[in-house]
J.: 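Have a look at this one before I ask anything.
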Amino acid sequence: MVRYWLMKSEPDVYPFSQLIADGKTHWDGVRNYQARNMMRDDLKLGDFVLFYHSNTKPPHVAGIAKVCREGYPDHTSWDPNSKYFDEKSTPENPRWMMVDIKPVKEMNMVSLADIKANPALEDMPLVQRGQRLSVQPVSQDQYEEICRMGGVQ
DNA sequence: GCCAACGTTGGC
DNA sequence: GCCAACGTTGGC
């Protein structure tokens with residue numbers, strides 16, 4: 001079963017345009033157990049991802065991506081030169097996981113304000129109070145509504 | 001820059 | 001196991 005997700009990235013760090021330029025990327029640096037568990041257990045090949053730009057004005061969904069490799073150890077966690085280094089994670093006993101994603105389609109910016117203003121999207125985790133998870137589940141209906149708002153068939 | 005929300009850490 | 005302190009996220 002294909003599922004739908006929303007993943008946050010700060011455009012200063014890694015914008016959707018960079019994903020298009022790269023062709024695919026590994027989603028490293030997630031250091032939250034809930035998000036890790038979803039990447040380890042729930043994100044499956046072919047699942048769709050709303051690529052969300054956080055910490056920018058305005059925050060918005062920028063495009064669609066797709067999972068192209070399921071959960072595997074995040075090697076930046078045992079790289080002492082990485083800013084994501086975690087001394088408790090080793091190749092033998094990895095603590096953190098990541099997935100690979102590839103771009104599917106750019107969309108017209110769908111801002112957080114637009115999402116909040118749409119009653120059909122009021123149950124999205126993104127608009128819930130204090131929601132900070134960098135990987136979030138999205139229902140098929142919510143996914144399709146955002147695609148529609150972004151001008152994607 | 002502010003600050004609310006939330007996760008993690010560590011003393012007890 | 002509790003909880004205060006602290007750090008981070010991220011919208012505003």
Side-chain angles (χ1 to χ4, degrees), chain A residues 3-22 25-43 47-67 70-101 103-104 106-139 141-152:
Chain A
R3 286 192 260 197
Y4 305 89
W5 308 92
L6 179 143
M7 295 168 91
K8 297 178 185 174
S9 183
E10 300 191 19
D12 287 349
V13 177
Y14 195 87
F16 187 69
S17 56
Q18 189 64 48
L19 180 61
I20 290 179
D22 291 345
T25 195
H26 45 86
W27 201 258
D28 62 356
V30 172
R31 296 294 178 267
N32 171 284
Y33 287 106
Q34 256 183 287
R36 179 206 64 183
N37 293 347
M38 283 192 280
M39 292 201 294
R40 185 188 59 197
D41 304 330
D42 301 327
L43 273 71
D47 282 0
F48 289 100
V49 174
L50 296 170
F51 196 108
Y52 179 81
H53 283 164
S54 66
N55 242 323
T56 188
K57 290 181 181 177
H60 62 276
V61 176
I64 302 166
K66 200 173 199 177
V67 176
E70 295 178 6
Y72 64 107
D74 180 346
H75 55 76
T76 64
S77 66
W78 57 75
D79 174 2
N81 297 316
S82 169
K83 69 170 180 169
Y84 301 124
F85 176 64
D86 178 350
E87 61 181 5
K88 292 172 182 158
S89 185
T90 63
E92 296 73 30
N93 206 352
R95 170 174 293 209
W96 303 109
M97 307 286 284
M98 61 186 178
V99 299
D100 289 356
I101 63 171
V104 173
E106 201 164 6
M107 67 165 74
N108 300 329
M109 180 191 295
V110 179
S111 74
L112 180 60
D114 291 341
I115 292 171
K116 284 182 170 172
N118 187 334
L121 301 176
E122 65 185 7
D123 291 332
M124 281 186 72
L126 184 68
V127 300
Q128 304 304 312
R129 189 177 181 77
Q131 181 52 264
R132 299 182 311 172
L133 269 186
S134 57
V135 180
Q136 308 181 353
V138 175
S139 76
D141 287 346
Q142 291 160 351
Y143 172 83
E144 287 173 356
E145 178 65 6
I146 287 188
C147 288
R148 190 192 63 73
M149 293 166 76
V152 175

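A note on names: the letters A, B, ... follow the listed sequences, proteins ahead of strands, and every chain is numbered from 1.
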J.: May I have the distance from A:K116 (atom NZ) to C:dG10 (atom P), rounded to whole angstrom?
T.: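 My rounded result for the distance is 13 Å.
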
J.: Whole Å only: how far is the CD1 atom of A:I115 from the P atom of C:dC12?
T.: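 In whole Å, C:dC12 P and A:I115 CD1 are 11 Å from each other.
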
J.: Output every pair passing salt bridge (Lys or Arg N to Asp or Glu O under 4.0 Å) with a member in residues 33-42 of chain A, not counting sequence neighbours, ordered by first then second residue.
T.: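 Checked against salt bridge (Lys or Arg N to Asp or Glu O under 4.0 Å) - neighbours excluded - no pair reaches residues 33-42 of chain A.
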
J.: Considering all heavy atoms of both residues, which atom of A:L43 and which atom of A:V135 are nearest to each other, and what is their separation?
T.: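 Heavy atoms of A:L43 and A:V135 come nearest at CD1-CG1, 4.2 Å.
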
J.: Could you go through the ring pair (Phe, Tyr, Trp, His ring centres under 6.0 Å) check for A:Y84 and A:W78 one step at a time?
T.: CA-CA 8 Å; A:Y84 301 124; A:W78 57 75; over 10 Å; no

J.: Do any N or O atoms of the protein come closer than 3.5 Å to N or O atoms of nucleotides 1-9 of chain C, and which pairs are they?
T.:
unit_1	atom_1	unit_2	atom_2	d
C:dT8	O2	A:R132	NH1	2.8

J.: Are A:F51 and A:W5 close enough that their ring centres sit under 6.0 Å apart?
T.: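 No: the rings miss the under 6.0 Å criterion.
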
J.: Report the residues that fulfil ring pair (Phe, Tyr, Trp, His ring centres under 6.0 Å) with A:Y72, sequence neighbours left out, ordered by chain and then residue number.
T.: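 Ring pair (Phe, Tyr, Trp, His ring centres under 6.0 Å) list for A:Y72, sorted by chain: empty.
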
